[in-house]
Protein chains: 2
Amino acid sequence: MHTVDDLSKVLKVLADPTRLTMLKQMQGGEQCACSFVDCFDISQPAISRHLKMMRQAGLLLERRDKQWIHYRLNETSPFYKIVVDLLDNIETVDASCDCETDCAI
Amino acid sequence: MHTVDDLSKVLKVLADPTRLTMLKQMQGGEQCACSFVDCFDISQPAISRHLKMMRQAGLLLERRDKQWIHYRLNETSPFYKIVVDLLDNIETVDASCDCETDCAI
DNA sequence: AGGTTATATAACGGATTTGTTATACAGATA
DNA sequence: TATCTGTATAACAAATCCGTTATATAACCT
């Protein structure tokens with residue numbers, strides 16, 4: 001159970017097509033930040049800020065491996081179920097989003 | 001099933017504490033616009049615009065009775081289930097929101 | 001017709017969002 | 001150490017959001 005304020009803050013984070021797509025991709029497993037940079041038609045700093053926003057909302061966890069940072073859904077977030085329920089309502093996203101680097105997965 | 005763009009547009013409408021509260025109240029049944037005006041600490045035009053935004057998103061239906069307009073959730077919206085599932089995650093809202101007028105209900 | 005009440009629209013201002021470019025930092029490698 | 005790659009931050013601009021006040025419209029009531 002959440003307050004109106006808490007839920008509306010999370011919905012604000014979710015209410016963006018770029019972030020929704022990123023989340024949908026992470027639903028399929030951990031994603032390297034660089035794969036998002038390759039995948040979307042926006043700059044690397046823009047990607048970085050989208051990731052930061054979701055991380056600060058507690059929606060993401062990160063794992064550093066060498067110079068690469070891998071992001072995944074935070075299954076322990078109090079909003080995790082809400083997020084995946086929403087993602088399950090989205091048509092499968094184009095998977096033509098492969099990382100061009102050596103980030104190993 | 002929805003597209004990322006369609007879902008993010010609806011989430012943008014939902015991602016506001018005033019609108020979420022209004023929707024939660026309408027989950028309990030039809031509400032007169034005037035009851036929102038009495039209930040929230042914002043101006044009547046602000047209320048009117050929140051209602052318009054939700055109406056335009058297809059989330060609400062309206063019924064005119066004399067000079068009063070009553071709003072309710074649109075159960076035929078393709079997003080209806082998503083909306084109520086989200087509302088069900090919200091703590092019950094303070095019901096001290098009674099219309100001061102003769103709008104009858 | 002004239003006044004009152006309920007709701008909608010117009011015009012505007014400040015805050016927030018979301019992109020950009022430039023730059024800094026962290027880690028790997030020659 | 002110097003440089004390259006991946007990521008984050010700073011500073012800024014355009015667009016959008018959300019409130020305001022003023023005004024218009026619609027329906028009711030003398």
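To find a chain, count down the sequence lines: A is the first, B the second, and so on, and within it residues start at 1.
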Would you tabulate the pairs of protein nitrogen or oxygen atoms and nucleotide nitrogen or oxygen atoms of nucleotides 16-21 of chain D closer than 3.5 angstrom?
from: D:dC18; atom 1: OP1; to: B:D16; atom 2: OD1; distance (Å): 3.2
from: D:dC18; atom 1: OP2; to: B:R19; atom 2: NH1; distance (Å): 3.1
from: D:dC18; atom 1: OP2; to: B:R19; atom 2: NH2; distance (Å): 3.2
from: D:dG19; atom 1: OP2; to: B:H50; atom 2: NE2; distance (Å): 2.4
from: D:dG19; atom 1: N7; to: B:R49; atom 2: NH2; distance (Å): 3.3
from: D:dG19; atom 1: O6; to: B:R49; atom 2: NH1; distance (Å): 3.1
from: D:dT20; atom 1: OP2; to: B:S43; atom 2: N; distance (Å): 2.7
from: D:dT20; atom 1: OP2; to: B:S43; atom 2: OG; distance (Å): 2.6

Rounded distance (Å) that lies between atom [atom2] of [N] and atom [atom1] of [X]:
| X | N | atom1 | atom2 | answer |
| --- | --- | --- | --- | --- |
| A:K52 | D:dT9 | NZ | C1' | 7 Å |
| A:F40 | C:dT20 | CZ | C1' | 18 Å |
| A:L51 | C:dT18 | CG | P | 14 Å |
| B:I47 | C:dT5 | CD1 | P | 20 Å |

Any pair counted as side chain to side chain donor-acceptor pair (under 3.5 Å), so long as it reaches residues 4-16 of chain B, sequence neighbours left out =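 Listed once each, the pairs are B:T3-B:D6.
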Which nucleotide in the list C:dT7, D:dT7, D:dA8 gets nearest to the side chain of B:W68?
->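 Nearest listed nucleotide: C:dT7.
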Just to verify, what does [X] make a side-chain contact (heavy atoms from CB on, under 4.5 Å) with, not counting sequence neighbours?
| X | value |
| --- | --- |
| B:P45 | B:S43 |
| A:Q44 | A:V37, A:S48 |
| B:I69 | B:E62, B:R64, B:Y71 |
| B:K81 | B:D85 |

Which is true for B:F36 with a 4.0 Å heavy-atom rule: it touches a base, it touches only sugar-phosphate, or it touches nothing?
->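 Nothing, no heavy atom under 4.0 Å.
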List in chain and number order the residues that pass salt bridge (Lys or Arg N to Asp or Glu O under 4.0 Å) with A:R49, two or more places apart in sequence or in another chain; answer none if no residue qualifies.
->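 Partners of A:R49 by the salt bridge (Lys or Arg N to Asp or Glu O under 4.0 Å) criterion come out as none, since no residue qualifies.
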Could you encode protein contacts along nucleotides 24-30 of chain D as a string, one character per nucleotide from 5' to 3', using B for base contact, S for sugar-phosphate-only contact and - for no contact, with a heavy-atom cut-off of under 4.0 Å?
-> ---SS--
Judged by atom type as modelled, is there a donor-acceptor pair below 3.5 Å linking the side chain of B:R19 to the main-chain atoms of B:M54?
->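 No, B:R19 side chain to B:M54 backbone: no donor-acceptor pair under 3.5 Å.
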Side chain to side chain donor-acceptor pair (under 3.5 Å) with A:N89: which residues, sequence neighbours excluded?
->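 In terms of side chain to side chain donor-acceptor pair (under 3.5 Å), with neighbours along the sequence ignored, A:N89 is linked to no residue.
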